[in-house]
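Notes to accompany the following structure.
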Number of protein chains: 2
Amino acid sequence: MEEQRMSISDLQESEREEPQEREQGQVSEAEAHGYDVSKYERPSVTVDVVMMSLRQKDLQVLLVKRRAWPHEGMWAIPGGFVNMDESLEDAAKRELWEETQVENVYLEQLYTFGDPGRDPRTRVITVVYFALLDSERLQVKAASDAVDVDWFPVYDLPPLAFDHKKILEYTLNRLRGKLDYTTIAFNLLPEQFTLRELQRVYEMILHKRIDKRNFRKKVLSTGILEDTGAKKMEGTHRPARLYRFNPAAEHEL
Amino acid sequence: MEEQRMSISDLQESEREEPQEREQGQVSEAEAHGYDVSKYERPSVTVDVVMMSLRQKDLQVLLVKRRAWPHEGMWAIPGGFVNMDESLEDAAKRELWEETQVENVYLEQLYTFGDPGRDPRTRVITVVYFALLDSERLQVKAASDAVDVDWFPVYDLPPLAFDHKKILEYTLNRLRGKLDYTTIAFNLLPEQFTLRELQRVYEMILHKRIDKRNFRKKVLSTGILEDTGAKKMEGTHRPARLYRFNPAAEHEL
DNA sequence: TTAATAGTGTCTGTGAGACACTATAGT
DNA sequence: ACTATAGTGTCTCACAGACACTATTAA
């Protein structure tokens, strides 16, 4: 929540209102930092996007380093203002594109945070989305990012701005809850994958070991996987079958 | 979503901004109705509350009749603007109080709708909550409401304004999903209730018959119910035990 | 042949769901 | 005694989870 990666000039640029009468409360700290709160009489609406992906055999989340007060220098979930002529989801897609240059990924609205005082500058109402990107498409872009954008393992995070730690925990719980009655996990994998890779995704999200035989038995029995016939050879051992997700079988896992 | 029960004068009253440059798109129809869109350059943020309760052995939802364009005369989910100094949840509680004079009920954030053009007047971003009220406390107030506020059975609704029908379906699905792993259903019952009454709640929400023996077996085995010792006598038949919810047993159903 | 991962089947316990009769109150 | 609802037990089937060995490849 809150807008991140926005210097004061960024905010001014996107501000189209005239200054108005002051709003009472939680103004002093903002003013002390030279922030003109009076311009934000009405709540600002922003969209934050929790982007998760598999990188280096790890479940990781994309964060941006804040360049301005408050929480300057801390890492935060990327987000920005919602334009007047775009839907909330479009704003989330735009944010996704700006950070990763990736499109057509799994995107879901999570929760809306809007307590007064959560952002010391002004009243900000933030709609949080979360996105799951498959590692393959993402790797094209890889390390071309600026230094203030980076991926972090979800179980090994730096200190986060605002209450973004709470939001990430909320996200993980949502993901876990959906894991066994939806096909949400497939969004983290490329088109073809081995059962072992799928199992790793489940293990990382649930953050616990799963029995190999039981997992295979269960997944294959649902019929949502299709054997591609191809095999994945890597290393000095027996190659693994490659499967693909079969959307025709719209069963729930 | 969208603000309801607000005449044009209501909107003007709650409007504190100066007129600004016009916003492009979806303006003409609003202007034709004498609605000054230019005042709403930035999105308005409202909170709508889906209030459900058990009335006359029926699962019902509270609706208000719109008194102004658009959708004048149609029924809608009650809602209103979020004040600058109140949280989203506080706004929902306020709305709840205004409509039912009830406090301390189950309240949960559902989803946020914000497509441009959903409200022909201006861009409105609406955070939807839903509330479950127990019938006993509610009955005190009963029929003292104005004619433009009423309760409707959720499976027998009048035509609804905006896309409120979709929202109610969404609400019901959320309720159903939570039914078997939370204790959410107890919020619709008074402090003491019979197993039959509890079963009726489940049947109404799931909209299907449940086997009596299996239901009792399952519910009692969780240990979340406490026998009050009292019995409910009504009619010419064997009286039923009265139970109460035991919050100490924080198991999930 | 070794190293490293892929791939496979059985047993047991638990829970869901189908199903029908007895108990107890008012009249 | 009759009527109307409360209250109770068994069986079957499906699924979850524990558990250990064989198969196949590259080096």
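Side chains are part of it too, since the values below use all heavy atoms of this structure and drop only hydrogens, waters and symmetry mates. For clarity, every value in this text was computed on a predicted model and none was experimentally measured. Throughout, a chain's letter reflects where its sequence line sits, starting with A, and its residues are numbered from 1.
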Q) Rounded to whole angstrom units, what separation is found between the OH atom of A/Tyr243 and the P atom of C/dA6? A) 12 Å

Q: Could you list where the contact with chain B starts and ends along DNA chain D, reading 5' to 3', using a 4.0 Å heavy-atom cut-off?
A: D/dT3 to D/dT10

Q: Hey, can you tell me if B/Tyr106 and B/Phe130 have their rings parallel, tilted or perpendicular (30° and 60° cut-offs)?
A: perpendicular

Q: Using only heavy-atom distances, decide whether a donor-acceptor pair under 3.5 angstrom links the side-chain of B/Asn214 to the base of C/dA18.
A: yes

**Q.** Pairwise side-chain contact, B/Thr171 with B/Val154, heavy-atom cut-off 4.5 Å (strictly under)
**A.** no

**Q.** Residue whose nearest DNA chain C nucleotide is more 5′ - A/Lys217 or A/Ala240
**A.** A/Ala240

Q. For the side chain of B/Tyr155 and the backbone of B/Met204, is there at least one donor-acceptor N/O pair under 3.5 Å apart?
A. yes

Q: Rounded to the nearest angstrom, tell me the gap between atom NE2 in A/His237 and atom C1' in C/dT5.
A: 5 Å

Q: Measure the distance from NZ on B/Lys231 to P on C/dG26 and round it to the nearest whole Å.
A: 12 Å

Q) Given B/Thr126, which of B/Thr46, B/Asp119, B/Thr112 fulfils the side chain to side chain donor-acceptor pair (under 3.5 Å) condition? A) B/Thr46

Q. For B/Arg216, which contact category applies under a 4.0 Å heavy-atom criterion: base, sugar-phosphate, or nothing?
A. base

Q.
Within the structure provided, determine whether A/Leu96 and A/Leu133 are in side-chain contact (heavy-atom separation under 4.5 Å).
A. yes

Q: Measure the distance from NZ on A/Lys212 to P on C/dT10 and round it to the nearest whole Å.
A: 18 Å

Q: Fit a plane to each ring of A/Phe186 and A/Phe245, take the angle between them on a 0 to 90° scale, and name the class: parallel (under 30°), tilted (30 to 60°) or perpendicular (over 60°).
A: parallel

**Q.** Interatomic distance where CZ belongs to A/Phe215 and P belongs to C/dA6 [whole Å]
**A.** 13 Å

Q. Quick one: B/Arg213 CZ to C/dA18 C1', roughly how many Å, whole number?
A. 8 Å

